[in-house]
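What follows is one structure encoded as structure tokens, with my remarks underneath.
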Amino acid sequence: MDHDSAARITAALRSWARTAPPGSRLPSTRALVKQHGASPITVQKALRRLTAEGLVETRPGVGAFTRATVTARPPDFGWQTAALGAPRTRGGELSSTQRTSAPDAIQLHSGYPARELLPERLVRAALTRAARTEAAVTRTPTAGLPELQAWFVGQVAEATPTGLAPPSPRDALVVAGSQSGLSSIFRALVGPGQPLVIESPSYWGAILAAEQAGVVLVPVPSGPSGPDPEEVERAFALTGARAFYAQPNFANPTGAQWSPDTGRAILDIVRARNAFLVEDDWAHDLGIDTDPAPLVGHDGDGHVVYLRSLTKSVSPALRVAAVIARGPARERLLADRAAETMYVSGVLQAAALDVVTQPGWSTHLRAMRNQLRARRDLLVQSVRDGAPTVHLQQLPPGGLNLWARLPEGTDVSDLVRECELRDLVVAPGGEWFPAEPTGPFVRLNYSGADPARFPEAGRILGEALSAAVSES
């Protein structure tokens, strides 16, 4: 009751104070108590609220008065234009995959699996145990926890043919997520002004990290089976590049997986060119119809710089990944990581290691695989039923996304806007191209929440496409 009375008195005095001349004296506390039938404590509470709002000032021994309204000067950030200069990269906005949207919208734009696809129980228990260890109060080695380094290398060793020595645990550097690893690789191993061969389309985060590092992108077309090795060889020959960034397994956004022949041919090219293959194995745990076959296991001389993250399969809250590199490349990367972050939180490393070494980890991966297959197939059928003019490039054998080509001439921006007006959020495909897009595309994530709404999403996509075409 006191709370309601204070709010009522505050509202009445606020209305009076905003119309009274500056410096007008408010009625005394005794008068306000009588006028509003409230206690002195309630009146004082209302006066304190008005004082906090800047409408009233109190003068001890004199009373309370209305304050003059001061119009705040808008901040002037114009000086930063000259201080910062022109941006080094083409875009300063968040990726469409990182946008927030209305909670009741169908969200097919995100790059992360829904919460119910993650091993939440394992993660919570692991964080609790890690917080009780010395990792909570000690500094970890710059290269990472030795046990976690060994685990990442052990995963690679499983794919290493007999007779070829796998990397050693020392070759693994634990980093704070794959994006951090990409930034270090492009800075330390490529460098500003130097060419980097890259698939097109390719992961937008890699494109951004390369541009931030001042790297010159050299796109090569990549289809459902990966890039044509002859195109890769041509790009190396024309530019003198010393590195090729690629996602051989379940590429983002297309879902493409290289054939064994393509992988061997690309490895032969980088060896002949004394170059690096930056192998981003982001979806290692997200196979559906096939398993990943990392190329790093077929490289014994340090040509492959391998990157693997646990963010998508464990939890986005555990930003833990590893870069595996050999020789002087490893030392350069270690120096870059030490300069940028010094080390990755020991608690996060310990928790990540705990999760992936639990007996329940393999059970989780099997369940996740089945759920991803069901969601993928449902979204594919929903798009085919609701938007039959949309062409799906392929049925991805793994990953999280469908790569959908729209009818020729479709304005992708108009389509995305029309979808959003109907509470469907999709990601425009343009940001996955390091050069001009080769057609109108959208990326659809099938791992988000509420797959029961996929048929509705397909219908909305078809309606929005019709609306966007009619407006154009």
Has the side chain of [X] got a donor or acceptor atom that lies under 3.5 Å from a matching backbone atom of [Y]?
X	Y	result
R422	I460	no
R373	I288	yes
S15	A11	no
Q179	G205	yes
R459	D385	no
T142	M342	yes
T410	V412	no
T128	R124	yes
S315	T311	no

Look at [X] together with [Y] and state whether they make a salt bridge at an N to O cut-off of under 4.0 Å.
X	Y	value
E211	R187	no
R308	D281	no
E420	R417	no
K312	D285	no
D289	R376	yes
R49	E53	no

Between [Y] and [X], is there a side-chain heavy-atom distance shorter than 4.5 Å?
X	Y	value
I324	L173	no
L117	S447	yes
P248	Q257	no
N252	Q247	yes
P21	T66	no
V218	I198	no
W282	L400	yes
E57	T51	no

Query - Stepwise side-chain hydrogen bond (donor to acceptor under 3.5 Å, both in side chains) check, D280 with Y203 - result: CA-CA 10 Å; D280 186 350; Y203 170 46; over 6 Å; no
Heavy-atom pair of closest approach, residues [X] and [Y]:
X	Y	value
F250	G399	CB-N, 3.7 Å
V355	V123	CG2-CA, 3.9 Å
R375	A114	NH1-CB, 4.3 Å
L333	A188	CD2-CB, 4.1 Å
L189	R332	CD2-CB, 4.4 Å
V153	A172	CG2-CB, 3.8 Å

For the [atom1] atom of [X] and the [atom2] atom of [Y], what is their distance to the nearest 0.5 Å?
X	Y	atom1	atom2	value
L148	T140	CG	OG1	10.0 Å
L108	L379	CG	CG	6.0 Å
N445	N401	CG	CG	5.0 Å
L444	F454	CG	CZ	9.5 Å
L372	L365	CG	CG	10.5 Å
W432	S202	CH2	OG	11.5 Å

Counting neighbours of [atom1] on [X] that are heavy atoms of other residues, nucleotides or ligands and sit closer than 6.0 Å, is the number greater than 12?
X	atom1	result
R129	CZ	yes
I41	CD1	no
E116	CD	yes
R30	CZ	no

Query raised in the report: Testing Q358, R366, H364 for side chain to side chain contact (heavy atoms under 4.5 Å, CB included) with S362, which one passes?
Result: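 Only one of Q358, R366, H364 forms a side chain to side chain contact (heavy atoms under 4.5 Å, CB included) with S362, namely R366.
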Query raised in the report: Can you tell which of T42, L50, V33 makes a side chain to side chain contact (heavy atoms under 4.5 Å, CB included) with I9?
Result: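 For I9, the side chain to side chain contact (heavy atoms under 4.5 Å, CB included) test succeeds with only one of T42, L50, V33, which is T42.
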Query - D354/L122 under side chain to side chain contact (heavy atoms under 4.5 Å, CB included): CA gap, chis, key distance, verdict - result: CA-CA 8 Å; D354 188 323; L122 294 180; over 6 Å; no
Requested in this report: Would you sort out whether I106 and D450 count as a side chain to side chain contact (heavy atoms under 4.5 Å, CB included), showing the intermediate values?
Outcome: CA-CA 8 Å; I106 306 173; D450 205 1; over 6 Å; no
Requested in this report: Would you check, one step at a time, whether the test side-chain hydrogen bond (donor to acceptor under 3.5 Å, both in side chains) holds for R337 with S180?
Outcome: CA-CA 9 Å; R337 297 313 309 153; S180 178; 2.4 Å; yes
Query raised in the report: Would Q349 and Y343 satisfy side-chain hydrogen bond (donor to acceptor under 3.5 Å, both in side chains), going step by step from the backbone distance to the final call?
Result: CA-CA 10 Å; Q349 292 189 62; Y343 55 89; over 6 Å; no
Query raised in the report: Parallel, tilted or perpendicular for F433 and W403, by the 30°/60° rule?
Result: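 It falls in the tilted class, 30° to 60°.
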Query raised in the report: Which is it for Q212 and S183 under the side-chain hydrogen bond (donor to acceptor under 3.5 Å, both in side chains) test, yes or no, and what are the steps along the way?
Result: CA-CA 8 Å; Q212 290 282 3; S183 296; over 6 Å; no
Report task. Dump the intermediate steps for side chain to side chain contact (heavy atoms under 4.5 Å, CB included) on V278 and L307, then the final yes or no. Result -> CA-CA 8 Å; V278 181; L307 177 63; 5.7 Å; no
Query raised in the report: What's the verdict on side chain to side chain contact (heavy atoms under 4.5 Å, CB included) for F186 and L196, showing C-alpha distance, side-chain angles and the deciding distance?
Result: CA-CA 9 Å; F186 296 150; L196 170 70; 3.5 Å; yes
Report task. Taking atom types as modelled, find out whether Q44 and T29 have a side-chain donor-acceptor pair closer than 3.5 angstrom. Result ->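 Yes, because at least one side-chain N or O of Q44 sits under 3.5 Å from a partner of the opposite role on T29.
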